[in-house]
Amino acid sequence: MKTLGIIAFLSLFSILSLGNINRNELNEVALVYAIGIDRDSDNYVVSLQVINPQPLNNQTEKLPVVVYDSKAKNMGKAIEMVSRKISRQLSPAQVQLIIIGESVAETIGINGVLNYILREPGLSSMLDILITKDISAWDALKVIPFMEDIPGSEIVKTLENTEENWGSHQRIFPTQLKAEIISRGKEAIVPTIMLIGDKKAAGEKAILESISPNAYLELSGLTVMNEDKKAGWLNDNQSRTYYLIKGSLKNSYFSSYCSAQKEEFGLTIIHSKTSIDGKMNNGKPQFKVKVDLVGDLDELNCDMDLTKPDGIKKIEKLMEKDIEASIKDLIVQTQTLNCDFIGFGDVLRIDDKSNWKKNEKIWQKEIFSTSQFEITANVTVRNYGDINISD
């Protein structure tokens with residue numbers, strides 16, 4: 001009994017002691033939530049969005065984060081230089097977001113950044129990665145958010161919401177991005193962020209006094225990579241089409257014109273399925289792309305009678321025509337860039353392995369641009385209501 005009592009006492013003492021250590025450590029560390037990486041001449045510019053501790057139950061004028069930056073030849077050195085500006089030890093374990101500046105993607109490429117992230121033991125492998133457009137990563141990290149306390153958190157939650165409900169952007173993590181960069185059958189795609197409005201106003205606390213924000217961050221299409229460098233950019237409509245072709249679209253909204261009129265109707269897509277088959281024929285790749293979509297009619301600004309089957313069929317055909325045109329437009333862009341970011345090479349590798357092995361090394365430079373495509377879209381309107389708006 002006495003022995004059990006001693007064991008219990010020691011266990012309780014250990015727990016209490018560990019708790020005190022953890023509490024003390026929290027008072028000595030600076031929690032990093034997001035990292036920005038830019039390029040300036042031959043140097044990396046690394047920015048750290050650090051959580052600014054707030055006193056409990058006490059309102060202060062302090063902002064919830066502070067952004068520090070430093071410049072060096074390599075990222076590790078730049079972070080070390082940032083640490084000289086902070087009274088606490090930097091803790092990267094809480095990092096949720098890496099923003100890579102457009103300057104990095106356009107010049108030396110993002111491979112070095114990815115290698116650093118994957119090798120750094122203090123960083124999680126489940127980090128969201130974004131590339132900027134027309135703004136530096138440093139400026140992006142300084143934008144004051146409206147809905148969340150921490151700017152990086154607002155960006156991550158916006159990504160999650162967009163992926164789940166709209167489909168124009170989907171999250172990508174370091175290991176996935178690295179795999180796509182080294183793949184010969186598909187080039188990488190990275191979600192992109194840009195600033196809307198005045199850059200100076202976006203970083204000032206006074207912006208919170210306005211009901212309607214005049215400066216904010218917005219997810220804006222996708223950056224197309226050729227190996228690890230930026231090759232182009234897709235707008236939001238092209239981005240949504242990209243995810244549709246890839247078969248990874250969850251929910252989204254598609255609109256189309258009513259015949260030759262200017263009025264539109266819109267469908268919320270609740271289910272989609274894509275199949276791509278490929279083979280080499282007389283030295284040229286041939287692909288069949290088939291997309292099946294099921295959606296609910298949300299809006300109809302057209303003079304159509306939906307009480308008759310012909311009315312519904314007309315809507316479906318109009319939407320099919322627009323989706324096929326969107327897919328064709330995206331394929332034209334991927335061939336114009338000579339950059340197979342959709343992954344038709346991967347399809348050929350699976351469907352026609354022997355011919356893929358013969359052409360693998362010259363796929364991007366010589367073969368891909370000669371590919372031929374057959375595109376088919378099938379749209380089914382599931383719910384459309386019973387409103388007859390015809391005369």
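What you are looking at is a predicted structure, and each value in this text was computed from that prediction instead of being measured.
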Worksheet item: More than 12 foreign heavy atoms under 6.0 Å from CZ of R84: is that the case here?
Response: yes

Item to complete: Answer yes or no: is there a donor N or O on one side and an acceptor on the other, between the side chain of T268 and the main chain of Y253, under 3.5 Å?
Response: no

Worksheet entry | Distance (rounded to the nearest 0.5 Å) between F344 CZ and S371 OG | 8.0 Å

Discussion item. Under the rule for side-chain contact (heavy atoms from CB on, under 4.5 Å), what residues qualify as partners of I86, not counting sequence neighbours?
Written reply: A30, V50, Y68, V82, R88, L90

Worksheet item: Any side-chain heavy atom of I37 within less than 4.5 Å of one from I99?
Response: no

Discussion item. Taking salt bridge (Lys or Arg N to Asp or Glu O under 4.0 Å) as the cut-off, I'd like each qualifying pair that reaches into residues 282-300, sequence neighbours left out, listed once.
Written reply: D296-R382

Practice prompt. Determine, step by step, whether I312 and E316 satisfy the side-chain contact (heavy atoms from CB on, under 4.5 Å) criterion, reporting the C-alpha distance in whole Å, the side-chain angles of both residues, the deciding distance to 0.1 Å, and the verdict.
Written response: CA-CA 6 Å; I312 301 301; E316 291 173 343; 3.8 Å; yes

Fill in: Sub-6.0 Å ring centroid separation between F265 and Y257
no

Discussion item. Keeping Q89 on the side-chain end and V29 on the backbone end, is there a donor-acceptor pair under 3.5 Å?
Written reply: no

Worksheet item: Given D128 and I98, is the side-chain contact (heavy atoms from CB on, under 4.5 Å) satisfied, shown in steps?
Response: CA-CA 6 Å; D128 282 294; I98 302 286; over 6 Å; no

Worksheet item: Any idea which heavy atoms bring P285 and T370 closest together, and the distance?
Response: CD-OG1, 3.5 Å

Worksheet item: Can you check whether S272 reaches V294 side chain to side chain, under 4.5 Å on heavy atoms?
Response: no

Fill in: From L217 atom CG to M194 atom CE, the distance as rounded to the nearest 0.5 Å
10.0 Å

Worksheet item: Within the distance-only criterion (no hydrogens, no angle test), does the side chain of E120 pair as donor or acceptor with the backbone N or O of G122 below 3.5 angstrom?
Response: yes

Discussion item. D322: which residues meet the side chain to side chain donor-acceptor pair (under 3.5 Å) condition with it, sequence neighbours left out?
Written reply: S256

Discussion item. When you group the ILVMFWY residues by side-chain heavy-atom contacts below 4.5 Å and let the links chain together, are V67 and Y44 in the same group?
Written reply: no

Worksheet entry | Residues forming a salt bridge (charged side-chain N to carboxylate O under 4.0 Å, His left out) with K317, sequence neighbours excluded | E320

Worksheet item: Tell me, do F368 and N359 make a side-chain contact under 4.5 Å, heavy atoms counted?
Response: no

Worksheet item: Is there a side-chain contact between L130 and L97 (heavy atoms, below 4.5 Å)?
Response: yes

Discussion item. Testing the 3.5 Å rule here: is there a donor-acceptor pair between the side chains of N281 and Q286?
Written reply: yes

Practice prompt. Only pairs at least two apart or in different chains count here, so list each salt bridge (Lys or Arg N to Asp or Glu O under 4.0 Å) that has a residue in residues 64-79.
Written response: D40-K71, K77-E80

Discussion item. Looking at K279, I'd like to know if its NZ atom is crowded, meaning that more than 12 non-hydrogen atoms belonging to other residues, nucleotides or ligands lie closer than 6.0 Å.
Written reply: no

Worksheet item: So do the side chains of V224 and C339 get within less than 4.5 Å of each other, counting heavy atoms only?
Response: yes

Worksheet item: Would a distance-only check, ignoring hydrogens and angles, find a side-chain to backbone donor-acceptor pair under 3.5 Å from T162 to T158?
Response: yes

Worksheet entry | From I144 atom CD1 to D149 atom CG, the distance as rounded to the nearest 0.5 Å | 12.0 Å

Worksheet item: Do T192 and T223 meet the criterion of a side-chain donor-acceptor pair at a distance under 3.5 Å?
Response: yes

Fill in: Pairwise side-chain contact, V156 with E160, heavy-atom cut-off 4.5 Å (strictly under)
yes

Residues 100-112 side chain polar contacts: donor-acceptor under 3.5 Å, at least two apart:
from, atom 1, to, atom 2, distance (Å)
E102, OE1, D134, N, 2.8
E102, OE2, K230, NZ, 2.6
S103, OG, R39, N, 3.0
T107, OG1, S103, O, 2.5
N111, OD1, K178, NZ, 2.7

Item to complete: If a pair satisfies ring pair (Phe, Tyr, Trp, His ring centres under 6.0 Å) and one of its residues is in residues 112-142, list it, with sequence neighbours excluded.
Response: none

Item to complete: Any chance you could lay out the side-chain contact (heavy atoms from CB on, under 4.5 Å) test for I331 and I375, step after step, and finish with the verdict?
Response: CA-CA 10 Å; I331 290 173; I375 302 165; 3.9 Å; yes

Item to complete: Go through T376 and N378 one step at a time and tell me if the side-chain contact (heavy atoms from CB on, under 4.5 Å) criterion holds.
Response: CA-CA 7 Å; T376 306; N378 297 312; 4.2 Å; yes

Discussion item. Would the distance check show the side chain of T274 and the main-chain N or O of L244 forming a donor-acceptor pair, the cut-off being under 3.5 Å?
Written reply: yes

Worksheet item: Say you draw a straight line from OG of S326 to NZ of K321; how long is it, rounded to the nearest 0.5 Å?
Response: 12.5 Å

Fill in: Contacts of type side-chain contact (heavy atoms from CB on, under 4.5 Å), residue P92, not counting sequence neighbours
V95, L123

Worksheet item: Can you name the salt bridge (charged side-chain N to carboxylate O under 4.0 Å, His left out) partners of E360, sequence neighbours left out?
Response: R184

Fill in: Intermediate values then yes/no, salt bridge (charged side-chain N to carboxylate O under 4.0 Å, His left out), K313 and D310
CA-CA 5 Å; K313 184 59 68 176; D310 287 349; over 6 Å; no

Discussion item. Is it true that, when you exclude K85 itself, more than 12 heavy atoms of the residues, nucleotides or ligands shown sit nearer than 6.0 Å to its NZ?
Written reply: yes

Discussion item. I'd like to check P145 versus P151 (side-chain heavy atoms, cut-off strictly below 4.5 Å). Are they in contact?
Written reply: yes

Discussion item. For the backbone of L127 and the side chain of Q96, can you confirm whether one donor and one acceptor N or O come within less than 3.5 Å of each other?
Written reply: no

Discussion item. Just to verify, what does D139 make a salt bridge (charged side-chain N to carboxylate O under 4.0 Å, His left out) with, not counting sequence neighbours?
Written reply: K142, K199

Worksheet entry | I117 reachable from M225 in the ILVMFWY side-chain graph, under 4.5 Å edges | yes

Worksheet item: Just by distance, do the side chain of S41 and the backbone of N43 share a donor-acceptor pair under 3.5 Å?
Response: no

Worksheet item: So, the side chain of Q49 versus the backbone of V65: is there a donor-acceptor pair under 3.5 Å, distance only?
Response: no

Discussion item. I'd like to know if Y243 and L267 are part of one continuous hydrophobic network [Ile/Leu/Val/Met/Phe/Trp/Tyr, side-chain heavy atoms within less than 4.5 Å].
Written reply: yes

Discussion item. Treating D352 as the side-chain partner and L348 as the backbone partner, does any N or O pair qualify as donor plus acceptor under 3.5 Å?
Written reply: no

Discussion item. Quick check: is M75 connected to Y33 through a chain of hydrophobic side chains (ILVMFWY, heavy atoms under 4.5 Å apart)?
Written reply: no

Item to complete: First locate atom CD1 of I129, then atom CZ of F173, and finally report the distance between them rounded to the nearest 0.5 Å.
Response: 9.5 Å

Practice prompt. List in chain and number order the residues that pass side-chain contact (heavy atoms from CB on, under 4.5 Å) with V347, two or more places apart in sequence or in another chain; answer none if no residue qualifies.
Written response: I276, F287, D351

Worksheet item: Under 3.5 Å, side chain of H271 to main-chain N/O of G295, donor-acceptor pair present?
Response: no

Discussion item. Distance check, rounded to the nearest 0.5 Å: E164 atom CD versus N251 atom CG?
Written reply: 7.0 Å

Item to complete: Compare all side-chain heavy atoms of S183 with those of D346 and state whether any distance is below 4.5 angstrom.
Response: yes

Worksheet entry | Hydrophobic cluster identity match, L48 and M81, side-chain contacts under 4.5 Å | no

Worksheet, complete the sentence: Residue set satisfying salt bridge (charged side-chain N to carboxylate O under 4.0 Å, His left out) with K358, at least two apart, ordered chain then number -> none

